[in-house]
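Atom set for the values below is all heavy atoms of this structure, side chains included, hydrogens, waters and symmetry mates excluded.
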Amino acid sequence: MGRTWALYLDESGTTDAHTIPLPRGTSPLFTLAGVILPLDRWREFDRAYLYLKREFFRAEIDKSSKDDTSWEMKGSDLIAPRNKDSERNKVFTYRVLDLVRRFEGRAVGVTFLKSLRTPLAGTSMYTKALQIIAERFDVFLREADGTGMMIVDSRMAHTRKGSGLDYAVAKSYLSFVFGNQEGRQLKRIIEAPLFVDSQLTAGIQIADIVAALVYGNHYRERLAPHGANEDFGYLDYTHTLRYWRPLKEVTFDSANVYHEGKALFGLRVIDHRDGPVPAADLQRVADRFAKT
């Protein structure tokens, strides 16, 4: 076999239930996404990303209590509607995608458009997304004749051992790869997912930005293609369209056909939204806004 690859994964949005109109800080969708990078070039892309942060955000790093390795530029801040006119953020984001391309990286991800009336449990949403991504990662490894491991941003900081979401996700994944017919086919992926602190891992910091770009573009495309929607409380992510083409250029799509004679695409959207909203519910929304 050839190279060993790492799939770095992070999330954007939340798995929590939501209401409409959206309260501030809540999300109508959830994205788990990241980037596949070659482990034999780990030192190179780690330093390349560090230098990129220093080049664009030296003042912010110097003012913080963290060193330049652990200081993070969050993807959610890069693409936030309030920052859409930041030329610095825009150029930095393009440079991150250039870095992924330079190191032969590939993006993958899953986005759930969440249901209002029958929301999927958060852990179930996360583990299902991870299984779908693992299948695509295994296809990537087969086509590259390599092996790989999944490195995921930790979500159990400050919790008792065995009680956090990381533990539940890892157990679910192991049940999938050993107990599920499809999971048993994933022969190229080594070990259970490894959960790490993003402050110590450049790959996760890059994955955070990729996940935000996937999130922003699926939000724009599926929920608010014309900008902010006050009736539903949707935000304006139309500015993320400028990142769609370079993101797609580094997205993994299979070279061969698999299920039902079709290629596997690296980005997948699962629509769990409810059917048409009853007229009575629409009237209640209209009455609510009429009173404000």
Side-chain angles (χ1 to χ4, degrees), residues 1-11 31-49 96-97 99-110 126-155 166-198 200-211 214 247-259 262-268:
M1 291 189 184
R3 300 170 103 171
T4 301
W5 299 79
L7 168 54
Y8 296 95
L9 289 172
D10 204 349
E11 62 193 79
T31 295
L32 183 67
V35 61
I36 304 167
L37 290 165
L39 271 178
D40 61 297
R41 301 189 70 186
W42 163 73
R43 291 178 179 272
E44 296 175 69
F45 66 72
D46 183 283
R47 295 298 92 175
Y49 184 67
V96 171
L97 292 172
L99 184 154
V100 172
R101 183 184 299 105
R102 177 155 46 102
F103 287 96
E104 306 171 79
R106 288 292 180 266
V108 291
V110 174
Y126 194 103
T127 54
K128 180 61 177 177
L130 186 64
Q131 290 173 12
I132 293 169
I133 289 172
E135 291 173 342
R136 278 146 177 77
F137 185 33
D138 185 77
V139 169
F140 168 86
L141 295 171
R142 276 186 270 164
E143 294 188 347
D145 191 27
T147 57
M149 62 180 64
M150 294 191 290
I151 302 176
V152 187
D153 187 28
S154 178
R155 301 182 70 201
D166 295 5
Y167 184 80
V169 168
K171 284 195 68 175
S172 174
Y173 175 78
L174 289 172
S175 295
F176 172 66
V177 297
F178 289 118
N180 180 281
Q181 183 175 353
E182 292 184 2
R184 286 195 292 267
Q185 306 307 310
L186 309 185
K187 308 262 187 202
R188 299 273 181 161
I189 302 175
I190 304 166
E191 264 291 357
L194 305 179
F195 293 86
V196 301
D197 189 328
S198 60
L200 303 175
T201 314
I204 292 293
Q205 294 182 29
I206 297 169
D208 174 76
I209 293 170
V210 170
V214 175
L247 176 63
K248 287 292 290 179
E249 287 175 356
V250 298
T251 294
F252 169 69
D253 293 328
S254 70
N256 302 313
V257 296
Y258 294 91
H259 303 300
K262 298 178 182 178
L264 277 181
F265 298 104
L267 301 181
R268 181 177 173 185

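- Heavy-atom minimum distance, D46 versus A202: OD2-CB, 3.5 Å.
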Let me see the working for K262 and V257 under side chain to side chain contact (heavy atoms under 4.5 Å, CB included), right down to the final yes or no.
CA-CA 5 Å; K262 298 178 182 178; V257 296; 5.7 Å; no
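- V110 is not listed as a side-chain neighbour of T31, based on a closest heavy-atom distance of 4.5 Å or more.
- Taking E143 as the reference, nothing meets the salt bridge (charged side-chain N to carboxylate O under 4.0 Å, His left out) condition, with sequence neighbours excluded.
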Before you tell me yes or no, could you show the steps for L267 and V108 under side chain to side chain contact (heavy atoms under 4.5 Å, CB included), namely the whole-Å CA-CA distance, both residues' side-chain angles and the distance that decides it to 0.1 Å?
CA-CA 5 Å; L267 301 181; V108 291; 5.6 Å; no
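- Between the CD atom of E11 and the OH atom of Y126 there is a distance of 5.5 Å, given to the nearest 0.5 Å.
- Taking both residues in full, the closest heavy atoms of D253 and G266 are given as OD1-N, 3.0 Å, listed atom of the first, atom of the second, then distance.
- The two residues F252 and R106 come nearest to each other via the heavy atoms CB-CB, 3.8 Å.
- Looking at heavy atoms from C-beta onward, L130 lies in side-chain contact with L32 at the 4.5 angstrom threshold.
- Pairing each heavy atom of Y8 with each of F45, the nearest pair is OH-CZ, 3.6 Å.
- The closest side-chain heavy-atom distance from V139 to S254 is below 4.5 Å.
- Partners of R142 under the side-chain hydrogen bond (donor to acceptor under 3.5 Å, both in side chains) rule, at least two apart in sequence or in another chain, are D138.
- Distance check: L264 CG to R136 CZ gives 5.0 Å after rounding to the nearest 0.5 Å.
- The backbone N or O of G109 sits nowhere less than 3.5 Å from a side-chain atom of R268 that would complete a donor-acceptor pair.
- When side chains are defined from C-beta on, L7 does not count as touching I151, because their heavy atoms never get closer than 4.5 Å.
- In this structure, E191 has no salt bridge (charged side-chain N to carboxylate O under 4.0 Å, His left out) partners at least two apart in sequence or on a different chain.
- In terms of heavy-atom proximity, W5 sits nearest to A144 at NE1-CB, 4.3 Å.
- Between I204 and the choices D10, V152, L9, the side-chain contact (heavy atoms from CB on, under 4.5 Å) rule is met once, by D10.
- Annotation: the span from D153 atom CG to T201 atom OG1 amounts to 8.5 Å, rounded to 0.5 Å.
- The side-chain heavy atoms of V250 and F103, taken from C-beta on, include no pair separated by under 4.5 Å.
- In this structure, Q205 contributes its side chain and S198 its backbone to a donor-acceptor pair below 3.5 Å.
- The two residues L186 and E135 come nearest to each other via the heavy atoms CD2-CA, 4.0 Å.
- A salt bridge links R188 with D145: at least one charged nitrogen is closer than 4.0 Å to a carboxylate oxygen.
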Could you go step by step and tell me if Q131 and S172 meet the side chain to side chain contact (heavy atoms under 4.5 Å, CB included) rule?
CA-CA 9 Å; Q131 290 173 12; S172 174; 4.0 Å; yes
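- Looking at heavy atoms from C-beta onward, I206 lies in side-chain contact with L99 at the 4.5 angstrom threshold.
- Side-chain contact between L194 and M150 is absent, with no heavy-atom pair separated by less than 4.5 Å.
- Atoms CZ and CG, from R3 and L39 in turn, are 10.0 Å apart once rounded to the nearest 0.5 Å.
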Using the side chain to side chain contact (heavy atoms under 4.5 Å, CB included) rule, take D40 and T4 through it: C-alpha gap first, then chi angles, then the decisive distance, then the call.
CA-CA 7 Å; D40 61 297; T4 301; over 6 Å; no
